[in-house]
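The figures that follow rest on heavy atoms only: side chains count, while hydrogens, waters and symmetry mates do not. We count ligands from 1, going down the list as the structure has it; atoms in each ligand are counted the same way.
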Amino acid sequence: MIKKCLFPAAGYGTRFLPATKAMPKEMLPILTKPLIQYGVEEAIQAGCDTMAIVTGRGKRAIEDHFDISYELEHQIKGTSKEHYLTEIRDVIDKCTFSYTRQIEMKGLGHAILSGETLIGHEPFCVILADDLCDNNGGDSVLSQMTELYKKYECCIVAVEEIDIKNSNKYGIVDGDFIEEGVVKVTNMIEKPDTKDAPTNLAIIGRYILTPDIFDVIRETKPGKGGEIQITDALLEMAKHGKVIAYKFKGHRFDCGSVEGFVEATNYFFEKEK
Ligand code: G1P
């Protein structure tokens, strides 16, 4: 039903300098696979076939990754190493990629708005590739959300319970449970201090958005950090009862931090060995 998935991928990845000086942070690998490929595979599993990637300067490696490398293919064709390319070939076969650049870094809301030209007027998924999710063979987090979309047909944010003292790292939602694991959102605040956090339900990097969000983002004033926040735009939608939060099944790693990145590496190493 939802075919397009947007990947905001213009950020600098300063927490991983110097590794990210000349390499996009989305290309950092967990074991042998770049973070963004995990995200694309999750989107494919959820039924998407069109990946809309919002990049910026210095992100060419992402485009090259999701393309044929003729020289490499030629070199390893017919050798024992060929299987190393199976997974990425499979991804390239199953979907198409389109790209646009976010010219100025004005926040996640602005990045999503920059992707409007690739999305058009249809509901779409958003994956923040540095939030790496795994559900141990069960439905991926995004699949769980696209399933839920069929029932509610409104914006959905994935949430998890966090230690409230970390509230200033996340968008925090408040609302009323309408079924097991599903909250009708009445309030959301971007990165509040702990004393101002209404709950410990934190948004993680998986969203389903309806296309009316673009007009709302256009009207959204800069918020936390002087940036145009998707959380603020969604709050506007929530006022009209159009947002739910979903407590997903599975595990999420914050690969935007070195600690979370190492945790994910160990987890996938144990899982795959
Ligand atoms: C963004 C969102 C925030 C959300 C987080 C999830 O923040 O603005 O609401 O909780 O992603 O990872 P960022 O981590 O880009 O600062």
Please work out which of the three classes, parallel, tilted or perpendicular, describes the rings of Phe214 and Phe124, given edges at 30° and 60°.
parallel
Between the side chains of Asp134 and Lys271, is the shortest nitrogen-to-carboxylate-oxygen separation below 4.0 Å, so that they form an ion pair?
yes
Show which residues join Tyr12 in its hydrophobic cluster (side-chain heavy-atom contacts under 4.5 Å, direct or indirect), or state none.
Met105
Collect the protein residues that have a non-hydrogen atom under 4.0 Å from ligand 1 and hand them over in chain and number order.
Leu108, Leu128, Asp131, Tyr170, Gly171, Glu190, Lys191, Ile203, Ile204, Gly205, Tyr207, Gln229, Thr231
Strictly below 4.0 Å, N to O, side chains only: are Glu236 and Lys239 in salt-bridge contact?
yes
Hey, would you say the Phe268 and Tyr38 ring centroids sit under 6.0 Å apart?
yes
Without hydrogens or angle criteria, can the side chains of Gln37 and Glu41 be said to hold a donor-acceptor pair below 3.5 Å?
yes
